[in-house]
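Quick notes on the structure that follows.
Sequential numbering from 1 along the given sequence is applied to the chain's residues. Counting starts at 1 for both ligands and their atoms, following the listed order.
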Amino acid sequence: MSSDAGYENLKQENTALQAKVEALQHEIELLRKSFLPGENFYKDRFYRINENVNDVVYRFRFKERQYEYISPQVQKLFGYTPDDFYKNPAIIRHLIHPDSIKDYFFHWRNIIVGRIPEYFEMKIIRKNGEERWVLQKNLAIYNERKEIIAIEGIITDITERKITEQALIESEAQKKAILNNLPHLAWMKDLNGVYVSVNESFARRYKRSVEEIIGRTDYDLYPYDLAQQYRDGDLYVVVNKNQLQVEEKTDDTYWETIKAPIFDNSGVVIGVTGVALDVTEHKKKEETVKAFSEKLAVQNVKLKLINDELKLAKDKAEEADHLKTAFLANMSHEIRTPMNAILGFASLLRDRKISESKQVEFINLINSNCRQLLHIISDIIDISKIESDQISLFNKSFHVNRTIRSLKQNFENAIKQQNKDIDFQEVIELSDENDLIISDKARLEQVLSNLLSNAIKFTESGQVQFGYTCNSEKQEIVFFVSDTGIGISNEEQKIIFDRFRQVSSSYNKLYGGTGLGLSISKGLAKLMGGSIRLQSELNKGSTFYFTLPLKSGNVVKPEKIAFDTTYNWEGSTILIAEDEVANYTLLESIILPTKAKVLWVRNGVEAVDQCLTNANIDLVLMDIKMPDMNGLDATKQIRKKNNTLPIIAQTAFAMPQDEENCIAAGCDDYLSKPVQIDEILSKLNHYLRNKKSITQVPQKASH
Ligand code: ADP
C-alpha cells in the first residue's frame, strides 16, 4: 500500500470516529435532559411562589423585549394589570417619575452592555397619579453562549421606608442646623476622648473646620494642662455616669460647661457629650452688678449712718428744745424770786413809816437780791458769749494767793448768811512772794466762784475745801473745790456740764440755780487753755478740778501798785457826764467824801464844752450812752484839743469790744456798771495822783 492510500484511510477512519463521538454526545445530552425536570417545571413553581409575595416579580425576555411573566402584585403597585404589561411592555417607561427617568435609562443601558446593577431605586407614578418609590433588583439570565436571554427581577415598594428615611434626613438636618446655629459649643467624644462630632460654633471657636477636629483629641487641640483638665472632666462623667457642670476660664473668656455621658441601648457609657456657653458678657454684667451692689451696700450703710446721725440730731434738737423750755421756766422763776424781793422791799421803804434799822435791813436785802439778779444776767450773757465765741481774755499778772483769800472771805460770809455748819478751808501751795501768775483774774474768780457756790449750795453741813496745787511736771496749776455734800451719780456726771442741765428738778426746787454755772465754767476753762473735771460719789461729796497751764513765765515778779482805801482829793475837780440821775447820784455819793469837787453834765455836747472851757477839771467820768452826743464821740472831740485830761469811761455796755471801743475813742480807762465802789475810788486815785500828785491822808472815806 502506498502512503497516499494510507493517509486517505486514516482520514476516513477519523471522520467516522468523529461522527460516532457526536452521536454519543447527542445521546448523552438526550439522556441528561431526560433526567432534568421539564421546561415549565421551575417556571410553574416560581410563578406560584411569587404570587404570594408582596413584591412584583417579573421575567423579561431580553431579545424579544417581552414580559414572559409579571406577578399580579404589579397592579397594586402600578395600577396596571399584568396583561397591560404583556401587551405593552414599554408601559413601564411611562410610569417612571421624571426625577428618576435619567437613572432608569442609565441602568438599562448598563444592562444592555452586560453591566447589570444589583439594584437601584426609582420614583414611579401610579396610574392614579400617586407617586411612590420602588427598589428594583435585576438578575441577568444567560444562555450557553453567554448571551443574556432574560432579565429576572423583583420590584419592591419602598415608599414607606423612603418617607421615614426622608424624615430622618430632615430631622438630622434640623438637628444639625440647630446645633450649628447655637451659640453654644457642642461636641461628642468617644471613650478615648476622640471627637466624633462637633458643631460649627465649636469649630469656629478653635479656628478649624469641623472635619479637622473630628478624629482628634483635646491633646491635639489644647496645651497639655488644659487638655488634661478636660480629660479629667470627661473621665469623671464616664466613671460616675453623671452630669458635670463647671465654670471655666480660657484666656479672657468665661465658659459654663455641661458634660454628660452618652449611653448605648444597653445602658453602657460609650462616650461623652458636652455643651459650653460663653458667659463672659454675663459674668461681666454679674461683676458690674456685684460691684454696683457692693457700692449700694456701702451707700446704704452711709445712708443708715446719716439717718442715725439725723435721728440723733433730731433727738438732740428735741431734747435741746425740751431743755430750753425747762430752762425758760426755771429762769423765769430764778429772775422773779429776787425781783419779788427787790420790788417788795422797795415799796415797803417808800410807803410805810419804818424804823431806821429796818430800813438798813431792807436796803441790804434789796442789795443782795440785786446782786443775785445781776449774777443771773451775767450768766446768760456769758453763756451766749461763750457759744458765739465772743469772749476775749484779759491776761494780767496777779497774786493767786490773794485771789484765793479774797474768795475765802466772800464765801465765808455767804456760809454765815446761809447759817450752814460748814468747815471751810483754803489750800495754797505757792509762797506769797512767788504767787504771781498770768491769767484772766476775773474769769478765774468766776469759775472758782461758780464751783464754790455749788459746793456750799449742795452741802448742808460738813466740809468745803478749795485752793490750788502746782503740778510742775505737767506745768499746770490745779485749782480744786471739794465738798462733802450730796454728791453726783455717775450718770449725772456725764451731763451736768451741758448747759441748762441740773441733776433733777426736785433738787432744783430745793437748791435753785439756772444750770448754767458749770457750762460757763467749762467754756471758760477751755478758753483759758485748761480743763475742768470732777470726781464725785453720791451722798459722799464732790471734788471739781480746774486745771490751767502754767507756762514758764506765768509766775512773774510783782508789779507794785498799792492802793489805799482812804482818799483826800481836796482841790481836784471831777466832771461826771451822765444822763441818768440815779447813776449820777451814786457816783456823786461815792466821790464827795474825798473832798473833790464834782461837776455834772447830762450829754456829750455839754461834756465837750466843759472840758474845753474849764481848765480846772482834773478828770472826767464819761458815760457812753447819752443823748445828743454819745460818750465816745464826746471823747473824740475832747481829744482833738486835749490829750492829757484823764477820761474814764463808765458804761453798762459790758462786752470786751466795748472796752476796746472806749480805749480806741481816746479814754484812758474803763469801768463797767454796776460800778464797784472800791474799784472806782482806786482807779480815780490812780489818775488823779499821777496828774497832780495829790497827798493822800490816812483817813477812811466815809461813803
Ligand atoms: P446750777 O448750780 O445753777 O443749777 P450748775 O451748772 O452750776 O447750775 O450745776 C449744774 C448741776 O450740777 C446742779 O444743778 C447740781 O445738780 C449739780 N452740781 C454742781 N455742783 C455740785 C456739787 N458740788 N454737789 C452736788 N451737785 C452739784
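Side-chain contact between Leu451 and Phe479: absent, with no pair of heavy atoms (C-beta onward) separated by less than 4.5 Å.
Taking a 4.0 Å cut-off on heavy atoms, Ser542 registers as neighbouring ligand 1. For Phe497, the closest heavy-atom approach to ligand 1 does not fall below 4.0 Å.
Only backbone heavy atoms of Leu516 (N, CA, C or O) come within less than 4.0 Å of ligand 1; its side chain stays farther off. With a 4.0 Å cut-off on non-hydrogen atoms, Lys457 touches ligand 1 through its side chain and not its backbone. Counting heavy atoms closer than 4.0 Å to ligand 1, residue Asn450 contributes nothing at all.
Each of the atoms 12 (O) of ligand 1 lies under 4.0 Å from some heavy atom of Ile496. Here is the list of ligand 1 atoms found below 4.0 Å of a heavy atom in Ile488: 18 (N), 21 (C), 25 (C), 26 (N), 27 (C). Residue Ile486 has at least one heavy-atom neighbour below 4.0 Å for each of these atoms of ligand 1: 25 (C). Residue Asp483 approaches ligand 1 through these ligand atoms, each under 4.0 Å from one of its heavy atoms: 22 (C), 23 (N).
The nearest pair of heavy atoms linking Asp668 to Tyr687 is O-OH, 3.3 Å.
Taken to the nearest 0.5 Å, the CG atom of Asp579 stands 11.5 Å off from the CD1 atom of Ile624.
Under the rule for a salt bridge (Lys or Arg N to Asp or Glu O under 4.0 Å), Arg371 has no partner lying at least two apart in sequence or in another chain. Under the rule for a side-chain hydrogen bond (donor to acceptor under 3.5 Å, both in side chains), the partners of Ser542 that lie at least two apart in sequence or sit in another chain are Ser536.
Checked options Val598, Leu586, Leu681, Leu619; the residue passing with Ile591 is Val598 (criterion: side-chain contact (heavy atoms from CB on, under 4.5 Å)).
Polar contact with ligand 1: present for Gly517 (N/O pair, distance under 3.5 Å). Inclusion of Leu518 in the set of residues having an N or O under 3.5 Å from an N or O of ligand 1 is warranted.
A donor-acceptor contact shorter than 3.5 Å is absent between the side chain of Lys683 and the backbone of Leu671.
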Determine, step by step, whether Lys441 and Glu445 satisfy the salt bridge (charged side-chain N to carboxylate O under 4.0 Å, His left out) criterion, reporting the C-alpha distance in whole Å, the side-chain angles of both residues, the deciding distance to 0.1 Å, and the verdict.
-> CA-CA 6 Å; Lys441 179 173 170 249; Glu445 280 174 345; 3.7 Å; yes
